[in-house]
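Side-chain atoms are counted along with the backbone in the values below, which use heavy atoms only and exclude waters and symmetry mates. If you're wondering where the values come from, they're calculated on a predicted model, not measured in any experiment. When a residue number appears, it is its place in the shown sequence, counting from 1.
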Amino acid sequence: MKPVQDVAMLSELADVYPIVQCSEYSEDFNLPYVSIDNRLASYEAVKHLIYMGHENIALINSDEKFLYARRRKEGYIKALEEFEIKIRQDLIIHAGLGFDKGRRAVRKLMMLKNPPTAIFAVSDTLAIGAIKELGVMGISVPKSVAVVGFDNIEFSNMVTPSLTTIAQPMYDIGKESVKILIKRIKNIHEPVDNVILNHELIVRESSMR
């Protein structure tokens, strides 16, 4: 998925067709959206790692063209700042998207003179790639490095160790999006409120000591 770059084009389409942004959204468009608070969710994920005793916490980010990636980075920074933990730029990796990108990011992180003891990845796919590569390197998860992901995809509970992650209420996101869409089908110019739904931190084996 790539973010829409042409604001004028989407705005023109929105005057003709009912459009609702679902999960990922852009603030550049005056269009309704249904999502979660990505900043708060990431803040809680990183705070969990801090409560587990970690300070050298790495961030494996995706593409900051996406709003969710920027917001999840902001949550990571907020948690570190709140606990007065120094933000190390060498622990922030802009990896892109995908399993192999997570593996590559981990190789770079573990080569540092002072490598992380915990990793927060902005997607489960990146996190699972990180766990895989840590295993290849002979590094125990979570004994040596804890890992937290985001999205609670099906494989997050199948990988070994099972992945601590943030769950989005995907069913409810879809349900609320359709409700808004129906309103806009009836009246495309009817003002509707954006909807922010609750997330859940699911703690599993990958972050527990």
**Item:** Carboxylate-amine/guanidinium contact E44 K47, below 4.0 Å
**Value:** no
**Asked** Are N157 and R204 linked by a side-chain donor-acceptor pair shorter than 3.5 Å?
**Response** yes
**Message:** Side chains of E82 and Y43: any donor to acceptor distance under 3.5 Å?
**Reply:** yes
**Test: E176 and K179 ion pair at under 4.0 Å** = yes
**Request:** Look at the side chain of Y76 and the backbone N and O of I60, then say whether any donor-acceptor pair between them is shorter than 3.5 Å.
**Result:** no
**Prompt:** Is there a donor-acceptor pair closer than 3.5 Å between any side-chain N or O of S35 and the backbone N or O of S23?
**Reply:** yes
**Message:** Counting neighbours of CZ on F83 that are heavy atoms of other residues, nucleotides or ligands and sit closer than 6.0 Å, is the number greater than 12?
**Reply:** yes
**Message:** When you measure from the side chain of S207 to the backbone of T164, do you find a donor-acceptor pair of N or O atoms at a distance under 3.5 Å?
**Reply:** no
**Flag for T117-N56: side-chain donor and acceptor within less than 3.5 Å** = no
**Test log, rule side chain to side chain donor-acceptor pair (under 3.5 Å), inputs Q168 and N152** = CA-CA 7 Å; Q168 300 194 59; N152 193 35; over 6 Å; no
**Asked** What's the shortest heavy-atom distance between A127 and V148, and which atoms?
**Response** CB-O, 4.2 Å
**Asked** Do any N or O atoms from the side chain of D151 and from the backbone of I153 form a donor-acceptor pair under 3.5 angstrom?
**Response** no
**Prompt:** Salt bridge or not for E64 and R70, using N-O below 4.0 Å?
**Reply:** no
**Message:** Please report the interatomic distance CG(L59) to NZ(K73), rounded to the nearest 0.5 Å.
**Reply:** 7.5 Å
**Prompt:** Which heavy atom of L109 sits nearest a heavy atom of P115, and at what distance?
**Reply:** O-CB, 3.7 Å
**Prompt:** Do the side chain of R88 and the main chain of N114 share a donor and acceptor less than 3.5 angstrom apart?
**Reply:** yes
**Asked** What class does the angle between the rings of F150 and F120 fall in, given that below 30° is parallel, 30 to 60° is tilted and above 60° is perpendicular?
**Response** tilted
**Request:** Could you state whether I87 and I93 fall into the same hydrophobic cluster, counting links through intermediate Ile, Leu, Val, Met, Phe, Trp or Tyr residues with side-chain heavy atoms under 4.5 angstrom apart?
**Result:** yes
**Message:** Tell me whether I36 shares a hydrophobic cluster with Y171, the cluster being built from Ile, Leu, Val, Met, Phe, Trp, Tyr side chains joined at under 4.5 Å.
**Reply:** no
**Prompt:** How about R39 and R72: do any of their side-chain heavy atoms sit closer than 4.5 Å?
**Reply:** no
**Prompt:** Taking atom types as modelled and ignoring hydrogens, do the side chains of S26 and Y33 form a donor-acceptor contact shorter than 3.5 angstrom?
**Reply:** no
**Asked** Do other residues, nucleotides or ligands put more than 12 heavy atoms under 6.0 Å from the CG atom of D193?
**Response** no
